[in-house]
Asker: 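What follows is a structure written as C-alpha cells; I'll ask about it next.
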Amino acid sequence: MQPTYMPWAGYLNLMAQVDCFVYLDDAQFERSSWHHRNRILANGAPGWLTVPVLRGHLGASINEVRVDDAAPWRRKHRTLLANTYAREKYAQEMLEAVEPLSNTSLVHLADLNIAVLEVLRGKLDIATPTVRSSVLGTGGSRTRRLIDILAQLGATEYVTPPGALEYLQEDRFPELSPARLWVHDFQPATYTQRNTAAFVSHLSILDVVAHLGWEGASRYIRPLEETAKIFQENP
C-alpha cells in the first residue's frame, strides 16, 4: 500500500491481517490524493486535512516529494484536530497520533506519512513487520513490479485493495504470479458521532480514535468475522 496521510481504518485493518506489509513509498505521487490529505469530521461534516507540498519534477515518487513548510501547516493541523475533537472523550489519545508533525526533520512526504503510520501501528498493537519498497530495488511495470516484490519476500499469498483488482486482472496477475490473490473487503462498523444526521464512514482513523480510544480502535479494526469473510478470494 502507498503510504497515505492519516489513513482510514481499512488501511490499518489490512496491515493487521497480513504477515508482511509493504510501504510502496516509491510509487508516483498524485496531487489532491490520499498521499497528502485525508478527511476528519468537522462540524458534523467531512473536512479535509491537506499537507502542502513543494512542486517537484513530473512523475516524482512519494519519497521524493517534500512538504512545504513555508506556512505553519503542522501547527494548524494539530490545532484544528484539538479544537474539532475537544469534546470527545479520547481527544488527547487521538492527538498522540500526530506527534510526528512536530518533527520538522521529516521533510519528505513518505517519511512523514510512515512516521505517523508507525505511531498508529504501535498504539493499535499491530505487530506486522513492514518494509519500504524503495529498499527492495524492484522495477518494471505496476504488476511486474508487484510480482517481483512478492518473489523477494517469498510471499505465497497477496491481499489487494479492491480498487487495484481491475488492473491486476487486466495485467493477468493470476496467470503470471504463483501467489494466491485475495481481495480486501473491510466493512466499517458505525459508532456514535456528534452532530451528524447519519454516520459518516471512511474518515481518517483519527476520528475512530477520538471517539473510541486506542483500545476501542484496536478492536474496531479487528472485526469478529472470520478472516476468510474479510478477504474474498479472487474468482
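Throughout, numbering of the chain's residues begins at 1 and tracks the sequence. Since this is a predicted model, take the numbers as computed values, not measurements.
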Asker: Would you check, one step at a time, whether the test side chain to side chain contact (heavy atoms under 4.5 Å, CB included) holds for R74 with V67?
Answerer: CA-CA 10 Å; R74 297 171 188 261; V67 302; 3.6 Å; yes

Asker: Over 60° means perpendicular and under 30° means parallel, so tell me whether Y191 and F199 are parallel, tilted or perpendicular.
Answerer: perpendicular

Asker: Is it true that H35 and Q2 share a donor-acceptor pair across their side chains at a distance under 3.5 Å?
Answerer: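 There is such a pair between these side chains.
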
Asker: Is the number of heavy atoms from other residues, nucleotides or ligands within 6.0 Å of CZ (R31) greater than 12?
Answerer: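 Count over threshold, so yes.
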
Asker: Applying the side chain to side chain contact (heavy atoms under 4.5 Å, CB included) test to L101, which of L106, L112, V51 qualifies?
Answerer: L112

Asker: State whether a side-chain donor-acceptor pair under 3.5 Å links D171 with Q169.
Answerer: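 Distance-only check fails for D171 and Q169.
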
Asker: Check whether Y167 and F173 end up in the same hydrophobic cluster, where Ile, Leu, Val, Met, Phe, Trp and Tyr are linked by side-chain heavy atoms less than 4.5 Å apart.
Answerer: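 Hydrophobic grouping puts Y167 with F173.
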
Asker: Salt-bridge test for R132 and D111: reply yes if a basic N is under 4.0 Å from a carboxylate O, no otherwise.
Answerer: yes

Asker: Answer yes if I114 and V131 sit in the same cluster of Ile, Leu, Val, Met, Phe, Trp and Tyr residues linked by side chain heavy atoms under 4.5 Å apart, and no otherwise.
Answerer: no

Asker: Can you confirm whether E96 is buried at CD, in the sense that more than 12 heavy atoms of other residues, nucleotides or ligands lie under 6.0 Å from that atom?
Answerer: yes

Asker: If you define the side chain from C-beta out and look only at heavy atoms, does anything of R180 sit under 4.5 Å from Y158?
Answerer: no

Asker: Is the shortest heavy-atom distance from the side chain of Y11 to the side chain of L120 under 4.5 Å?
Answerer: no

Asker: Side chain of R121, backbone of T128: donor and acceptor closer than 3.5 Å?
Answerer: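 A pair under 3.5 Å: yes.
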
Asker: If you count every heavy atom of other residues, nucleotides or ligands that lies below 6.0 Å from D19 atom CG, does the total exceed 12?
Answerer: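 At most 12 heavy atoms, drawn from other residues, nucleotides or ligands, come within 6.0 Å of this atom.
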
Asker: If only atom types and distance count, is the side chain of Q152 paired as donor or acceptor with the main-chain N or O of L136 below 3.5 Å?
Answerer: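 Flag set: sc Q152 to bb L136 pair under 3.5 Å.
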
Asker: Just by distance, with hydrogens left out, do R37 and S33 show a side-chain donor and acceptor under 3.5 Å apart?
Answerer: no

Asker: Would you say the side-chain atoms of E64 and S61 include a donor-acceptor pair closer than 3.5 Å?
Answerer: yes

Asker: Please determine whether a side-chain nitrogen of the Lys or Arg among D125 and R222 lies less than 4.0 Å from a carboxylate oxygen of the Asp or Glu.
Answerer: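 Looking at R222 together with D125, the answer is no, because their closest N to O distance does not fall below 4.0 Å.
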
Asker: Do the charged groups of K123 and E215 touch, with an N to O distance under 4.0 Å?
Answerer: no

Asker: When you measure from the side chain of S204 to the backbone N and O of M6, does any donor-acceptor pair fall under 3.5 Å?
Answerer: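 Side chain of S204 to backbone of M6: a pair is present.
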
Asker: Given N63 and F29, is the side chain to side chain contact (heavy atoms under 4.5 Å, CB included) satisfied, shown in steps?
Answerer: CA-CA 8 Å; N63 62 357; F29 170 72; over 6 Å; no

Asker: Among I149, L146, L150, which one satisfies side chain to side chain contact (heavy atoms under 4.5 Å, CB included) with V22?
Answerer: I149

Asker: Okay, side chain of T84, backbone of L80: is any donor-acceptor separation there less than 3.5 Å?
Answerer: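 Yes, because the side chain of T84 sits within donor-acceptor range (under 3.5 Å) of the backbone of L80.
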
Asker: Under 6.0 Å between the ring centres of Y90 and W214?
Answerer: no

Asker: Could you go through the side chain to side chain contact (heavy atoms under 4.5 Å, CB included) check for W182 and E157 one step at a time?
Answerer: CA-CA 7 Å; W182 298 79; E157 297 185 305; 3.0 Å; yes

Asker: Decide yes or no for R78 and S102: does some side-chain heavy atom of the first lie under 4.5 Å from some side-chain heavy atom of the second?
Answerer: yes

Asker: Determine whether L109 and V107 fall in the same hydrophobic cluster, where Ile, Leu, Val, Met, Phe, Trp and Tyr are linked whenever their side-chain heavy atoms lie under 4.5 Å apart.
Answerer: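 No; V107 is not reachable from L109 via cluster members.
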
Asker: Would you say S133 and D25 are linked by a side-chain donor-acceptor pair, where the criterion is simply a distance under 3.5 Å?
Answerer: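 S133 and D25 do have a side-chain donor-acceptor pair below 3.5 Å.
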
Asker: Between W73 and D69, do the side chains contain an N or O donor and an N or O acceptor separated by less than 3.5 Å?
Answerer: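 Short answer, yes.
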
Asker: Group every Ile, Leu, Val, Met, Phe, Trp and Tyr by side-chain heavy-atom contacts under 4.5 Å, then state whether L49 and V53 land in the same group.
Answerer: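 In one cluster: yes.
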
Asker: With respect to L168, which candidate in L181, L176, V183 satisfies the side chain to side chain contact (heavy atoms under 4.5 Å, CB included) definition?
Answerer: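 It is L181; the other options fail the test.
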
Asker: Has N195 got a side-chain atom pairing as donor or acceptor with N43's backbone, closer than 3.5 angstrom?
Answerer: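 Between the backbone of N43 and the side chain of N195 there is no qualifying donor-acceptor contact (under 3.5 Å).
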
Asker: Decide whether Y220 and N13 meet the rule of one side-chain donor and one side-chain acceptor closer than 3.5 Å.
Answerer: no

Asker: With a 6.0 Å cut-off (strictly less than), is the heavy-atom count around CD of E166, excluding the residue itself, greater than 12?
Answerer: no

Asker: So do the side chains of W8 and P188 get within less than 4.5 Å of each other, counting heavy atoms only?
Answerer: yes

Asker: Report the C-alpha distance between L95 and Y85 in whole Å, list the side-chain angles of each, state the deciding distance to 0.1 Å, and finish with yes or no for side chain to side chain contact (heavy atoms under 4.5 Å, CB included).
Answerer: CA-CA 9 Å; L95 289 173; Y85 291 105; over 6 Å; no

Asker: When the ring centroid of Y5 is compared with that of H77, is the distance short of 6.0 Å?
Answerer: yes

Asker: What I'd like to find out is whether the side chain of L203 reaches to under 4.5 Å of the side chain of L41, using heavy atoms alone.
Answerer: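 Heavy-atom side-chain distance check passes, below 4.5 Å.
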
